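Working notes, structure below.
The model shown is predicted, which means the values in this text are computed figures rather than measured ones.
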Amino acid sequence: MTHAELLGYAAAACVFVTFYMKTMVPLRVAGIVSNFLFIGYGYAVDAYPVLVLHLILLPLNLLRLYQMRRLIKQIEEATRQDLNLNWVKPFSTTKSLSAGEIVFRRGDPADEMFFIVSGCFRVRERGVDLQTGEVFGELGLLNAGQARTATVECTASGELLRISYEHVKQLYVQDPKFGFYFLHLVSKRLFHNLSLTSPPPGRPN
């Protein structure tokens, strides 16, 4: 068996392996390896259509691999770090509140979410205090009737950044990092709310 035939069989094996892969990054890596092998095979046996095809596919696969790796990195950063408010400032407006003022009541129509710039706020029904840097009001976006699920009161004068759900949707579509941050934020909130309503271990419902 010649070296060219070995390259051809190895390239074909890489293509075969890609059909069993369920995740995109390993699939792209296998595709890139097969591109190199097919380029070597095409050059060795003067199979120019094969050579040209894989010379074109190689940079495409490399580009897709780079994009996926960058997206994975963005996802990891989004789920590990707090949201940078500079992203949302162009889409938001400020709202100042004094202690005792109500931000919204349970059952009110929900059309915006809030970022705490300063001050303290309390979720009445759950007895949860919200501090500077936290986000609230995001669950209304996922509520079928888009109504508030709790009442939030200002307990120490402060300032909020408010952003409408329409702008949240735009950011979600336009910026994958914001989209995954939002998913992480919502899932974290849901699990936190669930922990507040679940009875302690060993205690009957």
Side-chain angles (χ1 to χ4, degrees), residues 1-92 112-113 115 133-144 146 161 163-192 194:
M1 185 180 295
T2 65
H3 291 300
E5 289 175 328
L6 285 173
L7 285 173
Y9 283 121
C14 283
V15 173
F16 182 77
V17 167
T18 61
F19 286 98
Y20 286 90
M21 292 183 172
K22 297 181 180 180
T23 53
M24 290 302 297
V25 171
L27 188 150
R28 288 292 177 185
V29 172
I32 290 169
V33 172
S34 71
N35 291 150
F36 278 113
L37 292 172
F38 272 120
I39 289 170
Y41 172 76
Y43 178 79
V45 299
D46 296 330
Y48 295 113
V50 174
L51 177 63
V52 172
L53 173 63
H54 288 275
L55 282 172
I56 295 172
L57 290 177
L58 177 60
L60 289 176
N61 274 325
L62 288 170
L63 175 63
R64 291 289 181 261
L65 179 61
Y66 168 75
Q67 291 174 334
M68 283 185 286
R69 294 296 301 170
R70 186 176 62 178
L71 179 59
I72 290 170
K73 184 177 180 181
Q74 289 176 337
I75 294 169
E76 291 173 347
E77 290 177 354
T79 55
R80 188 172 57 245
Q81 300 175 357
D82 290 332
L83 182 65
N84 185 345
L85 295 185
N86 290 330
W87 293 11
V88 298
K89 281 181 179 178
F91 300 92
S92 64
E112 58 188 0
M113 58 188 285
F115 299 82
E134 293 193 68
V135 180
F136 66 92
E138 76 285 352
L139 290 182
L141 179 61
L142 305 180
N143 191 2
Q146 287 204 330
L161 282 181
I163 177 170
S164 71
Y165 288 160
E166 287 303 314
H167 283 138
V168 172
K169 292 174 184 177
Q170 291 177 29
L171 283 170
Y172 186 93
V173 172
Q174 295 172 8
D175 196 319
K177 188 174 181 179
F178 178 87
F180 280 100
Y181 172 85
F182 185 78
L183 288 175
H184 176 68
L185 175 68
V186 170
S187 62
K188 183 179 178 181
R189 182 82 68 195
L190 288 172
F191 280 117
H192 178 68
L194 182 62

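- Distance check, rounded to the nearest 0.5 Å: CD1 of Ile39 to CG of Leu53 gives 9.5 Å.
- In this structure, CZ on Phe16 lies 15.0 Å from OH on Tyr9, to the nearest 0.5 angstrom.
- The structure places CG of Leu57 at 11.0 Å from CG of Leu62, a figure rounded to the nearest 0.5 Å.
- The distance from atom CD of Glu112 to atom OH of Tyr165, rounded to the nearest 0.5 Å, is 8.0 Å.
- Phe38 pairs in a side-chain contact (heavy atoms from CB on, under 4.5 Å) with only one of the listed residues (Val50, Leu58, Leu55), which is Val50.
- Separating the CG atom in Leu60 from the CD1 atom in Ile32 is a distance of 10.5 Å, to the nearest 0.5 Å.
- A pairwise comparison of heavy atoms in Leu51 and Tyr43 identifies CD1-N, 4.2 Å as the closest pair.
- Annotation for Leu37 and Cys14: closest pair CD1-SG, 3.9 Å, computed over non-hydrogen atoms.
- Annotation for Leu7 and Tyr41: closest pair CD1-N, 3.9 Å, computed over non-hydrogen atoms.
- The shortest distance between side-chain heavy atoms of Thr18 and Ser34 does not fall below 4.5 Å.
- Met113 contributes atom CE, which lies 7.0 Å from atom CD1 of Ile163 (distance to the nearest 0.5 angstrom).
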